[in-house]
Amino acid sequence: MAVQMGSEEEFKTTIAEYLESLPTQFCRRVFSSPAACLAIFRLLSTVGKQLIMSMLYLDAGLRTQDVLQCAKTEQQRMVKAKIAQLRRLQLVVEERGCVSLNPIFREQLRNALTGGGDFGSFGIPYAGPRDKRVTTAWLARHARERWEAILHFMVGRSATGAATVGEAPAAPLSRSVRDILRMSRLMEGGEGGMTITNSGFQFLLQDAASQVWTVLLQYLRLAEAQDMDVVEVLNFMFQLVGLKLGRAYSTEALTPHQRKMLSELRDFGLVYQDEHDPHRFYPTHLITSLTSGTRSSGAARDGAPAQSELTLSSDRGYIILETNCRVYAYTDSPLQIAILNLFMDMASRFANLITGMITRTSVRRALLRGITADQIITFLCTNAHPQMQVRVPVLPVTVTDQIRLWERERDRLRPTNAHFYKDFAQPQEFERMFRYAQEIGVILWANTEKHQLVVTRQGHAKIVELVKNHRALRLRFSCRQR
Amino acid sequence: MAPPGNEPGNDEDYIDIDDTGPDGLKGADGGYTWEEEYKRSWDVIQEDASGSIQSSVAGISEQRKRKRRVRDTEVVQRGIIRHVVVVVDQSESMAVRDLAPSRIHAALVELEAFVGEFFDQNPISQLSIVATKDGLAEVLTELSGNPMDHVGALRDKANKDLAGEPSLQNALELAMHGLRRAPSHGLREIICVVGSLTTCDPGDIGQTLQALRHAEVRVSMVHLAAEVHVFRQICSETGGQLAVPLDADGLRDALMAMVPPPALSASRGTSDMVLMGFPVKSVAAAVPTPCACHHELTFAGHVCPRCRAKVCSLPTDCDVCGLPLVSAPHLARSYRHLFPEENFVEIPPAATAARACYGCGMDWADPQKPQPARDAPKPAAGGSRYQCPACRHVFCLDCDIFIHETLHNCPGCA
Amino acid sequence: MAEPLESDSSLLVVVLDANVGAWARSPLALDKALQQVVIFLNAYLALNTENRLVVLGATARECRFLHPSSSRAPEAADIQVYEQFRAADVRVLAGVAALVDGAGPDQAQAQAQAQAPSLISRALSMALCHISRVNALLTNKAWARVLVVSAGADSAREYISLMNSIFAAQKASVLIDVCKVLGADSVFLQQAADITGGNYVRVDVDAGESLLQTLMFTCLPDHYTRGILNAPYNQLIDFRATCFCHKRVVDIGYVCSVCLSIFCRTAPVCSTCHTKFSFRIVGPGARDGSSPNGTQNTNNPQNGSQSSTTGTPSAAMSSLNLG
Amino acid sequence: MVKAVKGTFIECDPAAREVLLRLNSEEKFIIEDLDSTHLFINSTHLERVQRALDELMDANTYKASNLPS
């Protein structure tokens with residue numbers, strides 16, 4: 001779990017970093033919608049949320065000192081850091097030792113809680129007759145098919161996947177999807193033969209939510225590239241996140257940009273829109289469940305029938321890993337098998353179960369693709385069977401350690417570009433150069449007996465300088481001799 | 001099957017068909033468990049039509065739960081105020097490793113848990129610990145109401161060095177002597193944890209037994225090896241019970257079974273009014289003041305209403321004037337033993353109009369009914385309903401068990 | 001799960017004291033208070049989509065699950081509000097309205113009810129049942145806590161059941177927060193908060209304290225956050241007992257060794273369980289307890305009758321006809 | 001006069017060094033064998049050497065035949 005949380009943190013910070021990078025006036029506009037405020041709020045750390053909530057209904061600012069006083073002494077540093085982060089996100093303003101919420105943010109977040117603010121910030125439901133065919137379960141299936149089609153497209157192009165998983169449905173992917181895949185360096189190569197990159201493999205091992213975030217971030221970059229209005233995109237994104245699963249929403253009020261975006265997100269299965277009536281669209285759980293913790297509690301959910309279907313097949317824990325590196329995976333999805341195949345040797349396959357083994361060779365294979373040991377471990381951890389989830393640590397330590405060892409044994413050499421000096425004319429010359437190199441700290445290795453010296457590249461440049469003007473000196477000196 | 005009263009508490013996880021209680025050496029048909037032919041727990045699991053065993057497993061667990069829920073609830077006078085001497089065998093026989101890591105180790109660990117639980121459920125009772133080795137017996141802790149003393153004594157490394165043979169007689173005599181100064185209204189008990197099959201006594205243990213009976217001390221034993229006649233006799237004649245646990249869990253269950261206050265025998269002696277102090281929690285003072293119990297400087301504490309001494313924790317006896325100090329909640333904690341909840345009666349699902357369990361407010365198991373709300377969790381386990389005879393409200397099995405084992409009051413009647 | 005992790009979801013059971021009579025006496029009208037509570041609920045739901053919320057309404061007569069309830073939330077699409085919030089809000093508001101109306105029809109009874117305090121202990125028991133049930137169903141257990149928004153006064157009748165609930169909560173590491181909106185401090189609920197490690201706050205509306213702000217500040221943090229923040233300063237709590245015979249607060253009392261009833265004076269017979277006492281006071285240094293004189297003998301029976309009529313712990317106990 | 005050579009400085013464990021020396025005997029790439037844990041080699045060969053080392057190491061690890069479950 002800890003590892004998984006790590007990954008969660010990571011992707012959250014990425015989106016956070018993006019927000020931090022936004023200039024102030026952009027932020028103001030982003031905060032102008034309750035939906036956006038709520039979504040952003042949900043991305044914060046627990047402490048951050050608490051801080052904001054305690055200040056939400058205070059019109060006056062709090063003295064930073066007092067805020068810190070609220071926390072236990074050993075935790076105050078951490079709280080301070082959180083406040084700083086909030087400030088970077090421009091959620092709080094801090095002046096004269098007082099912290100207070102960004103007024104716009106405060107107002108809109110209040111609106112989000114009380115239900116005020118601008119009209120239809122949480123989407124405008126479609127008034128017309130509802131489509132019987134579209135149920136949450138149906139949406140879930142649709143979304144899963146779309147999403148896994150993409151992952152499949154990636155794996156299918158990989159050396160392993162296609163071979164073992166013959167029945168990979170070669171779904172034709174739309175242009176925009178390919179563009180994003182290529183832009184995000186998940187895949188490379190021309191239209192004809194796109195091949196998955198190492199980062200692509202790493203992408204495969206992430207949990208669904210992180211994957212979606214990665215895509216959305218890429219989409220933002222793409223939008224920038226096509227100089228669309230980023231804030232508009234962001235707001236729409238956050239609005240989608242706040243929509244209700246299984247309800248039809250009207251596209252009437254949407255701007256052209258947003259419609260375009262909608263059609264593109266549709267290709268990812270983040271929303272569903274029937275080609276025949278463009279007036280309504282349905283968000284799928286891929287996007288509505290974004291701001292919930294990535295702890296995908298497929299099993300933990302209240303067991304309401306629809307719930308189990310709402311989670312991606314990859315979201316439900318299905319892997320059992322034994323201390324002897326045996327793996328039992330309760331899955332029949334070719335995609336899952338293909339992904340597992342990245343780092344384990346398949347032994348046998350049954351209707352709903354495959355067994356295999358994590359071996360040195362299989363892990364080597366993964367490592368050669370640039371997949372790190374930690375990624376493998378995280379993946380196993382995330383998808384561990386509910387019965388394994390309850391144990392601490394989730395995975396048997398023997399296996400995780402072994403995987404790390406296998407990774408370590410591959411980098412036996414630590415190479416650094418350098419220059420090597422030898423055959424010094426006289427010792428003092430070596431001494432001088434040695435001392436100088438020591439001062440500027442560029443020595444990689446030195447042998448004072450054999451008068452040999454290895455310095456880094458940048459060190460070399462400096463030393464050349466030294467030698468040059470020293471020689472010049474000596475030259476002038478010799479001239480004067482004459 | 002063992003009588004329901006003595007069911008082990010913590011066997012939720014595994015399906016255990018031949019479930020032996022603390023003194024559950026007696027098997028289903030009265031014979032000893034090792035005389036019965038071996039029962040394999042998986043024999044009783046049948047696949048259903050779809051070839052899944054889930055339904056059958058669920059059935060078994062529910063039936064086990066149901067077995068548990070029948071309790072004796074007739075209102076009896078219980079000895080709320082108990083004076084218990086725990087006798088720990090520290091003879092070499094305790095070094096045997098049939099309990100991991102060793103008998104003595106397991107025993108001490110479980111005893112520690114016991115002490116905690118004991119004072120949790122009998123807040124105004126007192127405890128003392130006696131150890132016996134080399135044919136001698138020594139008092140580790142005097143009778144006192146402060147759990148910390150006893151836990152400290154149990155954790156003492158010295159307990160781990162074992163020597164010679166135990167002397168049951170000496171231990172009992174010593175324990176009895178300790179119990180002499182215990183007031184007559186209290187219940188007098190001795191609980192022995194013994195690993196040795198022998199005892200080396202200076203005199204006739206029969207006389208000790210007579211003395212015990214005369215002093216109305218009830219002796220219970222947990223024997224880690226086997227049942228020994230003299231031990232069994234002492235227990236049965238003093239109205240205690242002898243348990244021979246099969247494993248560590250058994251040991252725990254055996255000890256835990258002695259935690260709830262036992263029912264009083266009608267022939268018991270007088271009951272008294274006990275003078276007790278209800279100290280006030282002293283406000284965190286500006287300067288720390290020494291506490292009477294550990295002589296350490298502390299800010300907060302409870303002030304004895306009679307002698308104004310400050311003690312750290314309740315319940316305990318005031319170290320200065322010896323007044324038993326309790327807080328009202330501590331007394332309240334014991335009320336549940338006095339007024340046990342009545343058993344609920346099982347009624348057919350058709351017999352009630354209620355759509356949901358009154359306790360947890362969740363719908364009954366009813367596949368065709370859609371879930372009311374996204375966050376209304378699974379329907380109640382099983383189709384069975386249980387009705388409180390007093391308030392006529394209907395509950396699901398889980399709530400029934402929770403109410404009777406943890407909550408101790410019926411939501412409907414509260 | 002020994003330590004609460006940041007990612008752990010939490011389960012909050014809110015017990016709303018919807019006692020019309022009590023609220024009528026309050027400077028803060030029930031509906032106003034309700035609005036603020038609803039905002040707080042939304043804030044709680046906003047913290048984490050995994051967060052579970054249960055709302056119980058309690059009046060003097062009944063006690064009901066408001067949310068989640070079997071009654072479907074009306075599908076009226078309110079575009080202003082975030083879906084997840086609306087479902088809860090609508091149910092709670094409607095539910096409370098129903099409760100209040102339920103007290104409405106016959107004024108005489110309503111008046112009678114209005115005086116009696118709400119069934120807080122019943123609500124607590126139901127809350128605990130629900131919590132134990134939910135956690136039995138979940139694979140990763142949610143950290144549960146209870147928030148009591150109380151307006152009424154203690155009723156001695158509830159003492160035992162309340163205490164039982166408190167200890168059950170303590171066993172299950174369920175925090176009990178108490179927000180006392182009006183009336184005097186409730187000794188029982190103070191003990192509840194103190195024993196379970198929750199917070200007890202009293203909102204003094206007259207002094208301009210905001211209920212909402214207090215809730216946000218004190219009752220919103222989950223188990224994890226409480227490990228980081230300091231608990232608000234709890235004033236010293238009175239754990240002294242009241243004697244069953246005269247309802248006096250005693251700091252040294254006589255306790256029946258059989259049923260643990262507390263008396264401020266010696267008596268030959270326990271008025272609760274009718275046990276005859278031996279004529280000596282046990283307890284070190286209790287020299288003063290001499291044999292009882294006539295007066296106590298005479299006032300003992302009426303003592304018993306009185307206790308059986310008035311709603312007191314002793315009445316509760318004797319009504320449970322101890323054998 | 002001092003000589004400065006451009007190349008790649010390699011830090012490794014003695015075992016790996018031995019392997020490199022052996023590889024070197026087939027095709028020269030080591031400029032200077034500094035000491036038991038350091039080498040100075042020709043940058044252009046780095047890729048090849050690493051691969052070769054990896055393969056060699058792989059070839060020289062023996063595991064119990066993993067029988068399918």
Side-chain angles (χ1 to χ4, degrees), chain A residues 322 324-328 344-349 353-362 364-365 367-368 402 406 409-426 429-430 432-433 443-447 449-457 459-460 463-464 467 471, chain D:
Chain A
E322 292 182 341
N324 59 3
C325 296
R326 286 258 169 76
V327 178
Y328 303 88
M344 62 178 262
D345 290 337
M346 295 299 164
S348 50
R349 174 168 182 185
L353 166 73
I354 61 168
T355 70
M357 193 137 179
I358 293 182
T359 64
R360 182 170 181 283
T361 43
S362 67
R364 262 178 61 82
R365 205 167 57 225
L367 294 174
L368 285 171
Q402 183 58 73
W406 281 328
E409 86 181 12
R410 283 195 65 252
D411 52 1
R412 304 280 297 264
L413 310 179
R414 271 174 305 291
T416 34
N417 290 329
H419 276 76
F420 173 58
Y421 299 92
K422 59 177 180 182
D423 309 342
F424 287 88
Q426 58 281 73
E429 190 176 355
F430 169 80
R432 203 178 57 252
M433 196 178 282
I443 295 188
L444 290 170
W445 176 92
N447 180 334
E449 287 76 34
K450 286 155 73 182
H451 294 322
Q452 292 176 330
L453 189 65
V454 178
V455 299
T456 61
R457 279 278 154 86
H460 177 65
I463 290 180
V464 170
V467 175
R471 194 172 292 141
Chain D
M1 191 53 214
V2 60
K3 220 187 281 167
V5 191
K6 189 175 181 212
T8 303
F9 173 73
I10 284 188
E11 196 176 354
C12 61
D13 51 312
R17 170 167 169 274
E18 290 308 322
V19 178
L20 293 191
L21 292 179
R22 186 169 153 288
L23 288 171
N24 191 45
S25 62
E26 297 155 7
E27 180 183 359
K28 289 256 170 282
F29 60 87
I30 296 185
I31 299 171
E32 188 77 24
D33 177 4
L34 301 172
D35 62 20
S36 62
T37 60
H38 296 93
L39 287 169
F40 195 78
I41 70 165
N42 185 332
S43 307
T44 54
H45 291 64
L46 181 61
E47 275 298 316
R48 184 180 67 82
V49 172
Q50 269 176 327
R51 213 178 314 108
L53 174 67
D54 197 28
E55 282 157 8
L56 204 73
M57 284 301 162
D58 192 27
N60 288 317
T61 45
Y62 308 96
K63 52 189 174 295
S65 62
N66 48 346
L67 16 102
S69 50

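Summarising the geometry of A/P415 relative to D/Q50, their closest heavy-atom pair is CG-NE2, 4.1 Å, with the distance given to 0.1 Å. A pairwise comparison of heavy atoms in A/R457 and D/G7 identifies NH2-O, 3.4 Å as the closest pair.
For A/H451, no part lies near chain D; criterion is any non-hydrogen pair under 4.5 Å. Both the backbone and the side chain of D/L34 come within contact range of chain A, each with at least one heavy atom under 4.5 Å from a heavy atom of that chain. Residue A/L453: no heavy atom, backbone or side chain, is found under 4.5 Å from chain D. Interface residue D/E32: only side-chain heavy atoms are found under 4.5 Å from chain A.
For the side chain to side chain contact (heavy atoms under 4.5 Å, CB included) with A/L413, the lone residue among D/D54, D/L20, D/T8, D/I41 that qualifies is D/L20. Among the candidates A/T456, A/T416, A/N417, the single residue satisfying the side chain to side chain contact (heavy atoms under 4.5 Å, CB included) test with D/F9 is A/T416.
When A/L368, A/V464, A/N324, A/V454 are compared by the number of non-hydrogen pairs under 4.5 Å with chain D, A/V454 comes out ahead. Per-residue counts of heavy-atom pairs under 4.5 Å with chain D were compared for A/V455, A/N447, A/I463, A/L444; the largest is that of A/L444.
Few gaps surround CD on A/Q426; more than 12 heavy atoms of other groups in view lie less than 6.0 Å from it. The environment of CZ in D/R22 is sparse: at most 12 heavy-atom neighbours from other residues, nucleotides or ligands sit within 6.0 Å.
One finds the CD atom of A/Q452 at 10.0 Å from the CG atom of D/D35 (value rounded to the nearest 0.5 Å). The CZ atom of A/R414 lies 8.5 Å from the NE2 atom of D/H38; values are rounded to the nearest 0.5 Å.
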